[in-house]
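Written out below as structure tokens is the structure these notes cover.
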Amino acid sequence: MSRILILPGDGIGPEIVEQAVNVLQCFQSYGLSIEIEHGLIGGAGYDQTGSPLPEQTLQLARASDAILLGAVGGPQYDSVPRHLRPEQGLLDIRGQLNLFANLRPALLYSQLAEASSLKPELVADLDLLIVRELTGGIYFGQPRANEKIDGVRRAYNTMVYDENEIRRIAHVAFKAAQKRDKRLCSIDKANVLEVSLLWRTVMDEVHSEYADVELSHMYVDNAAMQLVRAPKQFDVMVTSNLFGDILSDAAAMLTGSIGMLPSASLNEHNFGMYEPIHGSAPDIAGQGIANPLATILSVAMMLRYSLDQQEAADILEQAVIATLRSGFRTQDIAKSDEAAVSTVQIGEAVIERLQTLLTA
Ligand code: NAD
């Protein structure tokens, strides 16, 4: 029995998560052994308990096998002190659970190729995965300071990784590549940075344990160029916190729709928190028009990476593709001449197709 904690959060979070929970319950009715619990995070946690990450949520999280999160944040929290802001709850839970590996697929369904800013033939059927180190590197490195010396202002940060941090993200990336096309490209700046030289050396060392995966290396400036020139050349990319932050946003935009992209943040025991990459979209919250597919696809990632249900994950992704093929579009992915359906309608369409696939 796997315990799944649901954290709907704020804005459109509860609306999109409701559709994803329906998907989980559908699998449950077909024999998947799961127990579903709910908790508070972000603004919802702050409003009800005074904390964006209530202690009870943390306890539930530690006792669970996987977490599904909607989104956090909203303009009503802009004047709240930084340490009590909704986004802090998210950073805290990632840190508390040591979720050091961030997996962000950029997948473009051929039906939506025109939504991309690139030519459709460059991005149709794009399917790449970026594995980003999430708890180390320059965002956390010491020393860091913003100071004034002899009247001159200066500031600095430190990009630092030890070999253990590199090795554990390498294992996550190689294992992810094994579940896909078995090609891993490690991104660094080894022509300039010592930290990148160590990164590259450790990647090569870990490679000896994954003979079935092809490993290549690329400098980050070239990788940024290649992502917009010929993104389909990549299968899995692995990189540090800073480079991954930038490259994963660029890769997300290749797909043209923020409402379609899931993500996972994992620790070394395959425990993970799964969430759409978008935020709480306060501009459309409560209107019933948000796209729940990124959250539903986050459930597919949960099935694949934390619950070891590869086949169920594939079936769910097929159900989403079948839904798009049938012409269902929320407003964010509909062309100007296409009618848009509601959050609930597209969620129901996925469930219908999922049931058909599960009984086939
Ligand atoms: P956003 O991702 O919430 O919204 C950007 C734009 O995309 C908006 O126009 C929104 O309507 C649209 N959009 C986003 N998700 C959509 C969906 N599922 N369906 C249809 N349209 C969708 O980013 P933002 O406006 O910069 O931030 C809003 C709030 O979300 C802020 O408080 C921010 O801090 C927070 N945020 C949270 C997370 C998270 O929870 N992981 C991530 C990013 C931003």
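Whatever order the structure lists them in is the order used to number ligands and atoms, beginning at 1. We count residues from 1, following the sequence as given.
The salt bridge (Lys or Arg N to Asp or Glu O under 4.0 Å) contacts involving residues 191-217 comprise D188-R200, where partners must be two or more places apart or lie in separate chains.
The closest donor-acceptor contact from the side chain of S116 to the backbone of A113 lies at 3.5 Å or more, if one exists at all. With S298 contributing its side chain and P262 its backbone, the two residues share no donor-acceptor pair below 3.5 Å. No donor-acceptor pair under 3.5 Å is formed between the side chain of S64 and the backbone N or O of I4. A donor-acceptor pair under 3.5 Å links the side-chain atoms of E133 to the main chain of T135, judged by distance alone. Judged by distance alone, the side chain of S2 and the main-chain N or O of I34 form no donor-acceptor pair under 3.5 Å.
For the side chain to side chain donor-acceptor pair (under 3.5 Å) criterion with Y274, the lone passing option out of S263, S265, S306 is S306. Residue D235 is tested with K179, R180, R183, K182 for a salt bridge (Lys or Arg N to Asp or Glu O under 4.0 Å); the sole match is R180.
The distance from ligand 1 to the heavy atoms of Q331 drops below 4.0 Å at these ligand atoms: 20 (C). For ligand 1, the atoms lying closer than 4.0 Å to a non-hydrogen atom of A290 are 19 (N). Below 4.0 Å from some heavy atom of A71 lie the following atoms of ligand 1, by number and element: 40 (O). Listed by number with element, the atoms of ligand 1 under 4.0 angstrom from any heavy atom of E87 are 31 (C), 32 (O), 33 (C), 34 (O), 35 (C). Residue-ligand proximity, L90 to ligand 1, at heavy-atom distances under 4.0 Å covers atoms 39 (C), 40 (O), 41 (N). Contact atoms of ligand 1 toward G73: 32 (O) (distance under 4.0 Å to a heavy atom of the residue). Using a 4.0 Å cut-off to heavy atoms of E275, the atoms of ligand 1 that qualify are 41 (N).
In this structure, atom 30 (O) of ligand 1 is in close contact with the protein, since a protein heavy atom lies within 4.0 Å of it. Under the 4.0 Å distance rule, the nearest protein heavy atom to atom 34 (O) of ligand 1 falls inside the cut-off. Contact annotation for atom 25 (O) of ligand 1: protein absent (non-hydrogen atoms, distance under 4.0 Å).
Looking at residues two or more places apart in sequence or on another chain, you find no side chain to side chain donor-acceptor pair (under 3.5 Å) involving Y46.
D283 OD1, 3.4 Å is the protein heavy atom nearest to atom 10 (C) of ligand 1. For atom 28 (C) of ligand 1, the nearest non-hydrogen atom of the protein is P282 CD, 3.4 Å. Protein heavy atom in closest approach to atom 22 (C) of ligand 1: I284 CD1, 4.1 Å. Scanning all protein heavy atoms for the shortest distance to atom 40 (O) of ligand 1 gives V72 N, 2.9 Å. Of the protein's non-hydrogen atoms, G279 CA, 3.5 Å is the one closest to atom 38 (C) of ligand 1. Atom 15 (N) of ligand 1 has as its closest protein heavy atom H278 CG, 3.1 Å. The nearest heavy-atom contact from the protein to atom 3 (O) of ligand 1 is A281 N, 2.8 Å. Looking only at heavy atoms of the protein, atom 7 (O) of ligand 1 is closest to I258 CG2, 3.8 Å.
Residues L69 and L90 are in side-chain contact: their nearest non-hydrogen atoms beyond the backbone lie under 4.5 Å apart. Residues L358 and F27 have side chains in contact (heavy-atom distance under 4.5 Å, counting atoms from C-beta outward).
From I333, atom CD1 reaches atom CE of M260 across 5.0 Å, with rounding to the nearest 0.5 Å.
The option with the heavy atom closest to atom 20 (C) of ligand 1, from among L261, L91, I289, D332, is D332. The heavy atom nearest to atom 17 (C) of ligand 1, out of those in L7, N291, L293, is found in N291.
Proximity of A294 to ligand 1, defined as any heavy-atom pair under 4.0 Å, is not found for any part of the residue. Neither the backbone nor the side chain of T330 comes within 4.0 Å of ligand 1, counting heavy atoms alone.
For the residue pair Y139/D245, the side-chain donor-acceptor check at 3.5 Å is satisfied. Under the 3.5 Å distance criterion, with hydrogens and angles disregarded, no donor-acceptor pair is assigned to the side chains of Q96 and D92.
Every heavy atom of I16 sits 4.0 Å or more from the atoms of ligand 1.
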